[in-house]
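Written below as structure tokens is the structure these notes are about.
Throughout, protein chains are lettered first and strands after them, A, B, ... in sequence-line order, and every chain is numbered starting at 1.
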Amino acid sequence: MPPAPAAGPLNSNKEPIRQMRLSRFPLSTTKETPADAEIVSHQLMLRAGMIRKLAAGLYTWMPLGLRVLRRVEDIVREEMNRSGAVELLMPAVQPGELWRETGRWDKFGPLLLRFSDRHDREFCYGPTHEEVITDLVRREIRSYKQLPLNLYQIQTKFRDETRPRFGVMRAREFLMKDAYSFHVHEGSLAETYQVMYDTYSRIFERTGLNFRAVQADSGAIGGSISHEFHVLAESGEDAIVFSDGSDYAANVELAPTLPQDQERPAAAAAMTTVDTPGVHTMDDLVAALDVPLTRCVKTLLVQGSEAPVVGLLLRGDHSLNELKAEKHPAVAEPLTMASPEAIRRAAGCGPGSVGPVGLDVPLIADHAALPLADFVCGANTEGQHFTGVNWGRDLPEPAAADLREAEAGDPSPDGRGRLGVARGIEVGHIFQLGTRYSEDMDATVLDENGAAQHLHMGCYGIGVSRIVAAAIEQNHDANGMIWPEAIAPFTVAVVGINMNKSERVAATAEQIYQELLAQGVDAVLDDRDARPGVKFADMELIGIPHRIAVGDRGLEQGMVEYRGRRDTDNQDVAVDHVVAHILTKLGQ
RNA sequence: CGGGGUGUAGCUCAGUCUGGUAGAGCACUGCCUUCGGGAGGCAGGGGUCGUAGGUUCAAAUCCUGCCACCCCGACCA
């Protein structure tokens with residue numbers, strides 16, 4: 001057994017002094033950007049030495065990076081505790097038989113990392129913990145008097161992503177806070193859900209990030225009501241829409257589009273076949289015929305729930321929303337594009353020439369395609385299209401549905417204002433699960449009447465490690481990261497200029513550093529024997545919010561230099577006042 | 001999963017086409033100079049060229065298999 005760790009140096013209160021001298025801290029920064037990194041947060045985290053890759057989607061958190069991760073984690077933990085949730089820690093490895101109870105052993109697919117133990121029993125590394133927590137609660141909780149209960153953990157998850165990328169943004173192994181609440185009645189679930197919504201809002205406010213809560217699809221986890229929390233950043237993988245006339249905000253995949261109240265013009269042209277050799281895309285078509293995209297109709301063939309294929313019709317400039325299509329009763333779930341062979345059987349041509357005229361498959365048109373008159377579409381013959389096509393005259397009126405992706409400028413679904421679009425990084429997601437898991441796993445409690453009731457459940461996730469990357473995506477400049485104070489690895493850097501040559505500089509820097517520590521400020525002393533340019537560049541790269549430079553030049557006048565990470569100039573501050581200056585900046 | 005690309009020093013890369021004893025910059029070690037925005041000089045250390053096989057007098061270089069990593073795609077017909 002290893003010996004107990006030696007106690008650090010002690011001050012008069014017998015508290016360990018948190019000594020953070022860069023001369024003894026394994027900071028390894030680079031000027032060059034690693035070739036593998038695509039996005040700025042990944043590049044900067046590697047350049048700053050916050051993380052190191054072990055394998056695809058697996059990262060070591062280096063001491064510097066871990067400091068940030070822990071600060072995010074601390075905020076999450078404090079606010080979860082404040083909300084009344086209770087922390088526990090479940091195993092990362094889970095028995096397969098639990099996952100068979102909910103059917104997810106088969107449904108989850110290759111995302112689930114599976115393996116067997118020496119007895120050939122099946123296990124997986126947990127990508128999420130609904131099964132484990134439900135199993136726990138069905139054993140532990142007997143009575144409605146023990147409810148509601150909200151249990152959470154902060155734990156490493158593993159999801160075997162098809163394509164891990166962007167560093168810790170989409171890693172396979174990642175740190176997640178997941179909470180699960182249990183209730184006898186739906187009303188109690190709704191109350192806790194609201195508490196979690198408020199708690200999440202407080203958590204993201206405290207991190208200092210610009211975020212937005214949006215209505216969301218509940219996806220594979222299941223359930224009904226759901227919100228996502230997004231950190232706004234240009235590089236975000238999700239599009240979110242929000243109204244300028246109300247508080248409506250939603251993930252674009254969920255946002256309905258309203259039928260347009262515009263009348264369909266009368267047909268003015270005769271349907272004509274035109275030769276369009278080599279045209280297979282909407283862009284080709286627009287170029288070949290010189291018609292606007294908005295006068296074209298595109299036809300997507302997908303597998304149907306009853307018919308072999310179903311045709312989805314969209315205005316040329318619109319995008320199909322997969323979730324909406326998948327939820328249409330005539331469309332097979334999951335949404336699957338028809339194979340080239342199936343297209344040929346149904347339309348008699350290859351993909352790229354399909355059109356709705358004379359097509360003998362069920363047709364569903366997006367609302368926005370219906371007001372078109374004299375439109376252009378494929379002729380189901382290679383190298384030909386129709387122009388001057390009109391609904392009702394040249395083909396039957398198709399069924400109408402909401403199929404397209406909402407766009408900037410669309411009217412808000414709540415009827416108030418117009419939609420704008422922003423990019424977001426999903427960092428939190430809350431769900432009302434209902435009784436899906438408790439029914440599959442038969443988790444019940446006795447209610448006030450002594451009757452067994454299936455538990456109502458909610459679940460609430462936060463991507464702790466992803467928040468670190470998201471914060472960088474949102475806050476950086478050409479010189480590096482710019483941490484919000486709440487999650488910075490250090491709050492203040494005291495940089496000694498030539499401090500190994502000048503005793504005066506060394507003594508003053510040390511004194512300021514110790515005073516900051518005494519005031520409870522998370523300071524770091526850059527006492528490395530490096531040139532000033534190197535030190536400044538490093539402190540900017542790793543994004544320390546406040547910097548104090550101590551050098552002989554300033555000390556001649558009894559001054560040191562202060563500079564905020566977003567400032568463009570230094571500010572001279574008297575040595576005696578610099579700690580107070582920092583405390584003011586920190587709002588203390 | 002499909003397609004493409006790359007594996008050479010800790011990092012970024014050249015060298016591969018046209019086979020002939022392994023290179024640069026950064027980083028690292030020592031000495032000297034410099035010393036407030038990623039210094040300069042000199043001297044060094046460090047590479048089974050991803051891996052296994054094949055061709056050849058000779059392979060980082062040509063051929064084959066495997067592995068790893070990266071990118072693109074997996075609605076927009």
Side-chain angles (χ1 to χ4, degrees), chain A residues 28-39 42-43 46-47 49 52-58 109-110 160-167 253 276 279-286 293 296-303 309 311-326 331 334-340 342-344 346-347 349-356 359 366 377-380 382 385 403-405 479-480 495-502 505 528-541 547 549-556 560-561 563 570:
Chain A
S28 69
T29 57
T30 63
K31 273 186 286 188
E32 288 180 288
T33 301
D36 288 352
E38 272 309 279
I39 61 171
H42 190 196
Q43 293 171 350
L46 289 171
R47 283 188 52 202
R52 289 289 180 246
K53 185 171 75 172
L54 178 64
L58 304 178
D160 200 355
E161 296 279 351
T162 326
R163 195 174 150 207
R165 55 184 143 173
F166 304 148
E253 63 187 16
T276 51
V279 169
H280 291 105
T281 69
M282 280 289 145
D283 288 341
D284 294 344
L285 187 62
V286 167
L293 257 186
C296 302
V297 166
K298 60 182 169 189
T299 308
L300 311 180
L301 296 184
V302 301
Q303 292 182 12
V309 298
L312 305 179
L313 308 174
L314 291 164
R315 206 173 78 185
D317 59 319
H318 285 150
S319 301
L320 180 70
N321 179 309
E322 281 189 58
L323 273 172
K324 291 177 182 177
E326 187 169 286
V331 174
L335 183 75
T336 311
M337 301 311 290
S339 65
I343 291 173
R344 195 159 290 282
C349 63
S353 305
V354 181
L359 190 62
D366 178 67
C377 63
N380 298 322
E382 185 69 25
H385 280 74
L403 293 177
R404 73 180 174 96
E405 202 105 299
N479 294 324
V495 179
I497 309 293
N498 295 324
M499 69 184 287
N500 295 302
K501 300 273 164 44
S502 164
V505 168
R528 293 175 298 171
D529 184 15
R531 304 168 70 83
V534 173
K535 295 188 176 196
F536 292 153
D538 275 352
M539 292 306 101
E540 281 156 14
L541 174 62
R547 180 181 86 197
V550 182
D552 270 319
R553 206 164 70 187
L555 290 181
E556 300 287 348
V560 295
E561 289 156 24
R563 183 154 168 175
N570 293 331

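- Of the P atoms belonging to B:A59 and B:G54, the separation is 12 Å, rounded to the nearest Å.
- Distance, A:Asp317 CG to B:A77 C1': 16 Å, rounded to whole Å.
- Considering only the side chain of A:Met282, B:C76 comes nearest among B:C76, B:G25, B:C75.
- Look at CZ on A:Arg165: it is 11 Å from C1' on B:A74, rounded to the nearest Å.
- As rounded to the nearest Å, B:G5 and B:U21 have C1' atoms that lie 31 Å from one another.
- In this structure, A:Glu161 places its CD atom 17 Å from P of B:A74, rounding to the nearest Å.
- If you check B:C28 for Watson-Crick or wobble pairing at under 3.5 angstrom, you find it paired to B:G44.
- Across the C1' atoms, B:U29 and B:C71 are found 38 Å apart, a figure rounded to whole Å.
- The separation between A:Asn500 atom CG and B:U34 atom P is 17 Å, rounded to whole Å.
- When both distances must be under 3.5 Å, the Watson-Crick or G-U wobble mate of B:G2 is B:C72.
- Nucleotide B:G23 is matched to B:C13 when pairs are restricted to Watson-Crick or G-U wobble geometry with both distances under 3.5 angstrom.
- Remark: A:Asn498 CG to A:Lys535 NZ distance equals 8.0 Å, nearest 0.5 Å.
- Nucleotide B:C49 is matched to nothing when pairs are restricted to Watson-Crick or G-U wobble geometry with both distances under 3.5 angstrom.
- When Watson-Crick and G-U wobble pairs are counted only if both distances are under 3.5 Å, B:G7 pairs with B:C67.
- The listed nucleotides are B:U12, B:C76, B:C69; the one nearest the side chain of A:Lys298 is B:C76.
- Within the nucleic acid shown, A:Leu312 has no heavy atom closer than 4.0 Å to any nucleic acid atom.
- Nucleotides B:G47 and B:A24 are separated by 14 Å at their C1' atoms, to the nearest Å.
- In this structure, A:Leu54 places its CG atom 12 Å from P of B:C70, rounding to the nearest Å.
- For the pair A:Asn570 (side chain) and A:Arg563 (backbone), a donor-acceptor distance under 3.5 Å is absent.
- A gap of 33 Å separates the C1' atoms of B:G73 and B:A60, to the nearest Å.
- Shown here for A:Gly496 and A:Val505, the closest heavy-atom pair between the two residues is CA-CG1, 4.1 Å.
- Mapped onto RNA chain B by nearest heavy atom, A:Ala55 and A:Val550 fall at different nucleotides, with A:Val550 at the one closer to the 5' end.
- Using a 4.0 Å cut-off, some side-chain N or O of A:Thr281 falls inside it from OP1 or OP2 of B:A77.
- Residues A:Lys53 and A:Asp36 have side chains in contact (heavy-atom distance under 4.5 Å, counting atoms from C-beta outward).
- Taken from OG in A:Ser28 to CG in A:Leu46, the straight-line distance is 10.0 Å, to the nearest 0.5 Å.
- For the C1' atoms, the distance from B:A74 to B:C28 is 45 Å, rounded to whole Å.
- Across all strands, A:Leu335 comes closer than 4.0 Å to no nucleic acid atom at all (heavy-atom distances).
- Note: CZ (A:Phe166) to C1' (B:C69) measures 16 Å, nearest angstrom.
- The listed nucleotides are B:A77, B:C75, B:C69; the one nearest the side chain of A:Ile343 is B:A77.
- Residue A:Gly554 is classed as a base contact, given a heavy-atom separation below 4.0 Å to a base.
- Looking at which nucleotide of RNA chain B each of A:Ala37 and A:Gly316 is closest to, the 5′-most match is held by A:Ala37.
- The CZ-P distance, from A:Arg553 to B:C35, rounds to 13 Å in whole Å.
- To the nearest 0.5 angstrom, A:Leu403 atom CG is 5.5 Å from A:Leu312 atom CG.
- A distance of 8.0 Å separates CZ in A:Arg404 from CG in A:Asp317, rounded to the nearest 0.5 Å.
- Taking the C1' atom of each, B:C31 and B:G45 are spaced 15 Å apart, rounded to whole Å.
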task: Could you encode protein contacts along nucleotides 37-43 of chain B as a string, one character per nucleotide from 5' to 3', using B for base contact, S for sugar-phosphate-only contact and - for no contact, with a heavy-atom cut-off of under 4.0 Å?
output: BBB----

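- Pair assignment for B:U18 gives none, since no Watson-Crick or G-U wobble pairing has each distance under 3.5 Å.
- Of all nucleotides present, none satisfies the Watson-Crick or G-U wobble test against B:U61 with each distance under 3.5 Å.
- At whole-Å resolution of the value, CG in A:Asp36 and C1' in B:U12 are 11 Å apart.
- Here the CD-CZ distance, from A:Glu540 to A:Arg547, works out to 5.0 Å after rounding to the nearest 0.5 Å.
- A salt bridge links A:Arg528 to A:Asp538: one of the charged nitrogens lies within less than 4.0 Å of a carboxylate oxygen.
- Base contact: A:Asn498 has a heavy atom under 4.0 Å from a base atom.
- Taking atom P on both B:C1 and B:G20, the two are 38 Å apart, rounded to the nearest angstrom.
- Here the CZ atom belonging to A:Arg344 is positioned 8.5 Å from the OG atom belonging to A:Ser353, to the nearest 0.5 angstrom.
- OP1 or OP2 of B:C70 sits under 4.0 Å from a side-chain N or O of A:Lys53.
- Across all strands shown, B:A77 has no partner, as no Watson-Crick or G-U wobble contact with both distances under 3.5 Å is found.
- At the heavy-atom level, A:Ser28 lies nowhere under 4.0 Å from the strands shown.
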